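No experiment lies behind these values; they were computed from the predicted model shown.
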Amino acid sequence: MLLAHVALPVPMAHTFSYEIPARLAGRTRQGARVLCSFGSRRLVGVVVTAGEGEPPPKVKALLDVLDDEPALTDELLAFLRDLSAYYLAPIGEVMRLALPPIERAVARALEDSLFETKKGISARRVQTVAPTEKLEESALGGQAGAILAHVRAVGETSLVDLEGRWKSARAAVKKLTQLGLVTTGSREVQADSFFAAPAPRDSPPELTPPQAIAVEAIATALAAPSSGGTFALHGVTGSGKTEVYLRAIVAARQQKKGSIVLVPEIALTPQLVSRFRARFGDDVAVLHSGLLPRERLVMWKRLRAGELDVAIGARSALFAPVRNLGLIVVDEEHDPSFKQEEGIRYHARDMAILRAHRAAGVCILGSATPSLETEHLSRSGKATKLVLPDRARAQPMPAVEIVDLRRMGPGPTGDKRISLPLHRALEKTLAAREQAILFLNRRGFSPAVRCEACGELCSCPSCSVALTFHKRHGERLRCHYCDFETLLPDNCVKCKSPALALEGLGTEKLEETLATAFPEAKVARLDRDVASGRTVDAVLGRMRAREIDILVGTQMVTKGHDLPHVTLVGVINADAALSLPDFRAAERAFHLLVQVAGRAGRGDVPGRVLIQTYTPEHPAIVHALRHDVNAFLERELVDRRELGYPPFSRVGLIRVDHPDEATAREACAMLANVAREAAEAASREGPGRVAILGPAPAPLARLRQRFRFRVMLRSSDRAMLRRTLLAVERARGQVERTVRTAIDIDPVQLL
DNA sequence: AGCACGCCGACT
DNA sequence: GTCGGCGTGCTC
């Protein structure tokens with residue numbers, strides 16, 4: 001019988017076999033999308049293989065074939081199969097990552113079975129929900145309460161988004177509207193700003209000698225008969241990495257090959273895009289989250305047809321259907337946003353290496369502060385290091401100073417975290433009519449509320465993490481992990497004592513303290529509580545217009561664009577980033593310090609950076625102080641190797657050994673997500689000890705005992721865990737579980 | 001993941 | 001009497 005093995009978008013590891021009816025025999029090819037009857041549903045799947053074979057006991061026939069030319073090329077199909085095998089992710093869901101939004105005609109043919117796409121394609125306006133200043137009279141339970149907390153946390157959001165998160169969001173929003181707690185409205189889906197203005201063409205600048213060497217090496221690799229290779233491009237901001245990317249794309253074109261450029265989420269700015277458009281005109285597909293399904297489909301089709309040969313986008317652009325793929329660039333490869341943490345978990349940097357490798361293409365990993373993984377690739381000979389040492393535009397490095405909080409007392413505010421040196425530096429900056437940025441990685445007023453009588457911390461009932469006190473919006477305690485919210489209680493929940501103390505310093509309090517201490521200065525705050533999405537640019541705009549003297553903020557302040565009048569950058573507490581429960585804490589802190597330091601001083605005005613810390617001897621601080629990236633990498637690699645952390649660890653999984661291989665495979669596939677979470681946490685806390693963060697269903701308690709470890713869960717994983725538990729339970733006595741040290745991915749294994 | 005089937009509680 | 005909650009099992 002002629003059979004098609006089809007990957008369907010269901011969370012199951014295997015493909016499903018369908019009979020190919022004679023009328024579809026010619027068009028049913030590998031990579032083509034097909035319409036299948038599946039249970040009572042109709043689904044669109046992808047043909048993974050097709051051919052003569054033994055039919056399974058139950059076979060249905062394919063209903064239709066959607067493509068004359070297969071939607072997925074052999075190259076993309078093979079890559080997706082590799083990705084699925086590597087991450088133990090269901091093949092059908094992986095395929096879906098690379099499929100275009102379904103055309104209107106097809107959607108109609110599918111009737112109401114694909115409501116998602118119908119909804120998406122017709123949405124020109126979206127309904128929005130925004131919080132009001134009004135406070136509820138009594139605590140709201142259930143979905144209404146959760147939705148209210150969410151809307152307050154993220155600001156104006158779309159109803160569609162809320163419906164995706166909560167089943168009866170529409171009803172709850174109606175109720176909240178009646179109570180006056182939220183308002184609803186609608187807005188145009190934002191138009192594509194990237195192509196609003198025509199970009200003036202530029203002419204390629206002269207290359208610096210190091211740039212020329214880098215371009216030469218990449219072009220040679222692209223042109224070689226058995227081409228390919230991975231390059232680690234190491235260069236500070238302003239050293240001209242982008243010019244190397246542009247030349248590499250040109251070199252790929254000369255070989256009739258297409259390119260993909262991956263950038264971190266926040267880096268996909270009009271400035272960056274116009275840089276590419278200036279060189280290549282409008283022959284560039286910009287894939288971003290603001291694209292309507294219709295526009296996304298147009299981009300997808302033009303790439304698939306070979307009309308466009310360059311795709312730029314965040315993480316998901318990795319799956320762009322670029323023809324004859326020859327080059328993948330990962331810019332700012334150390335950025336954590338390349339790691340997809342929800343749904344199908346993958347690391348776009350690692351997968352970029354894999355896809356380029358399998359396509360016999362070139363992968364460029366660019367960064368000023370390379371990840372340990374990339375550095376390890378270079379050192380083990382699996383990537384070629386290219387260094388751009390010169391700053392194309394010579395800028396003086398800012399003077400970085402340490403404020404040792406063990407020795408330095410508080411300034412006039414009396415708050416230890418605004419030390420005397422920092423206070424004086426702020427005074428000086430203000431006197432010179434310059435601007436300051438203060439970085440503090442904790443939003444809210446106080447990160448913890450403690451009972452002074454019994455020592456109990458107010459913590460989240462479902463996440464057991466400390467609740468943060470927010471002063472604005474009515475003195476509330478909020479969980480920064482799950483958005484749980486409650487009013488500040490009058491008494492300790494445990495001992496009923498009224499002696500509750502606000503501990504620690506958040507951006508909200510810092511802003512307030514500074515506003516009092518410097519009444520003549522304009523102090524503003526930039527964090528997720530005051531700025532959602534587009535409003536970040538508004539705050540940065542006010543900063544550029546010098547309407548703000550001191551800007552206090554979280555991570556967000558490190559990512560902004562040019563702020564030429566900032567001459568002082570203060571890091572309030574470098575130890576906060578260093579003590580995060582994450583084996584990458586030192587690495588992230590180092591990136592952060594180098595990045596934030598880069599904010600100070602531009603052009604002729606020398607900048608000044610003050611880093612406040614209790615651990616001035618920490619390598620991340622010492623090396624950030626000297627701008628010495630290589631020394632930091634060297635040191636951190638040694639530590640990682642000793643501890644067996646990535647990039648030296650092997651991929652580990654919760655292994656299920658079972659005499660029946662199919663059962664074992666199924667259990668493994670189901671465990672994959674949990675394994676990944678457990679793995680990360682295990683690497684932080686040591687094998688076998690993983691924290692529970694998140695509401696735990698009753699079966700979890702049993703799982704904990706049986707596996708002798710605890711699992712960190714996000715709500716979406718709970719259903720899967722329940723199933724897993726069942727599968728394990730069923731095979732009780734025959735299943736042997738081994739929990740190896742299960743950690744991150746080692747990209748070295750891919751090559 | 002959906003979706004059907006099925007079995008128990010509070011409403012017209 | 002039935003509407004609707006979610007537990008259980010299945011999908012070529």
**Student:** Would the number of heavy atoms belonging to other residues, nucleotides or ligands and lying under 6.0 Å from NZ of Lys60(A) be above 12?
**Tutor:**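 Enclosed: over 12 neighbouring heavy atoms sit under 6.0 Å from NZ of Lys60(A).
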
**Student:** Students often get this wrong, so: under 4.0 angstrom with heavy atoms, is Thr15(A) touching a base, only sugar-phosphate, or nothing?
**Tutor:** nothing

**Student:** To the nearest Å, give me how far apart OH (Tyr18(A)) and C1' (dT11(C)) are.
**Tutor:**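 Result: 8 Å.
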
**Student:** Take the protein atom CD of Glu93(A) and the nucleotide atom P of dA1(B), then report the distance between them rounded to whole Å.
**Tutor:** 8 Å

**Student:** From Leu477(A) CG over to Ser459(A) OG, what is the distance, rounded to the nearest 0.5 angstrom?
**Tutor:**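 Interatomic distance, Leu477(A) CG to Ser459(A) OG, rounded to 0.5 Å: 10.5 Å.
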
**Student:** In whole angstroms, how far is the C1' atom of dA1(B) from the CZ atom of Arg96(A)?
**Tutor:**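 Value for this atom pair: 8 Å.
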
**Student:** Can you list everything that forms a side-chain hydrogen bond (donor to acceptor under 3.5 Å, both in side chains) with Arg302(A)? Sequence neighbours excluded, please.
**Tutor:** Glu307(A)

**Student:** Quick one: side chains of residues 69-79 of chain A, donor-acceptor pairs under 3.5 Å with protein atoms, not counting sequence neighbours, listed by atom name and distance.
**Tutor:**
from	atom 1	to	atom 2	distance (Å)
Glu69(A)	OE2	Arg323(A)	NH2	3.4
Thr73(A)	OG1	Leu76(A)	N	3.2
Glu75(A)	OE1	Arg355(A)	NH2	3.0
Glu75(A)	OE2	Arg355(A)	NE	2.8

**Student:** Looking only at atom types and distance, does a side-chain atom of Glu333(A) sit under 3.5 Å from a main-chain N or O of Ser371(A), one as donor and one as acceptor?
**Tutor:**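 Yes, Glu333(A) side chain to Ser371(A) backbone: donor-acceptor pair under 3.5 Å.
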
**Student:** To the nearest angstrom, how far is Leu62(A) atom CG from dT11(C) atom P?
**Tutor:** 18 Å

**Student:** Using atom NZ of Lys60(A) as one end and atom P of dC10(C) as the other, report the distance to the nearest whole Å.
**Tutor:** 15 Å

**Student:** Need one value for Phe38(A): base, sugar-phosphate or nothing, where a base atom within 4.0 Å counts as base even if backbone is also close, heavy atoms only.
**Tutor:** base

**Student:** How close or far is atom P of dG2(B) from atom CG of Leu43(A), stated in whole angstroms?
**Tutor:**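 Those two atoms, CG and P, are 9 Å apart.
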
**Student:** Could you tell me the separation between the CG atom of Leu43(A) and the CZ atom of Arg33(A), rounded to the nearest 0.5 Å?
**Tutor:** 14.0 Å

**Student:** So if I take residues 50-58 of chain A and measure heavy-atom distances to DNA chain C, which residues fall below 4.0 Å?
**Tutor:**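 Nucleic-acid contacts, sorted: Pro56(A), Lys58(A).
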
**Student:** Using whole Å, report how far CG of Leu8(A) lies from P of dC10(C).
**Tutor:** 18 Å

**Student:** Counting the atoms with a prime plus P, OP1 and OP2 as sugar-phosphate, which does Ser40(A) contact under 4.0 Å by heavy atoms, base, sugar-phosphate, or nothing?
**Tutor:**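 Counting heavy atoms under 4.0 Å across all strands, the contact made by Ser40(A) is with sugar-phosphate only.
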
**Student:** Take atom CD in Glu52(A); do more than 12 heavy atoms of anything else shown fall under 6.0 Å from it?
**Tutor:**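 Count over threshold, so yes.
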
**Student:** Taking atom C1' of dC12(C) as reference, at what distance in whole Å does atom CD1 of Ile20(A) sit?
**Tutor:**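 From Ile20(A) CD1 to dC12(C) C1': 13 Å.
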
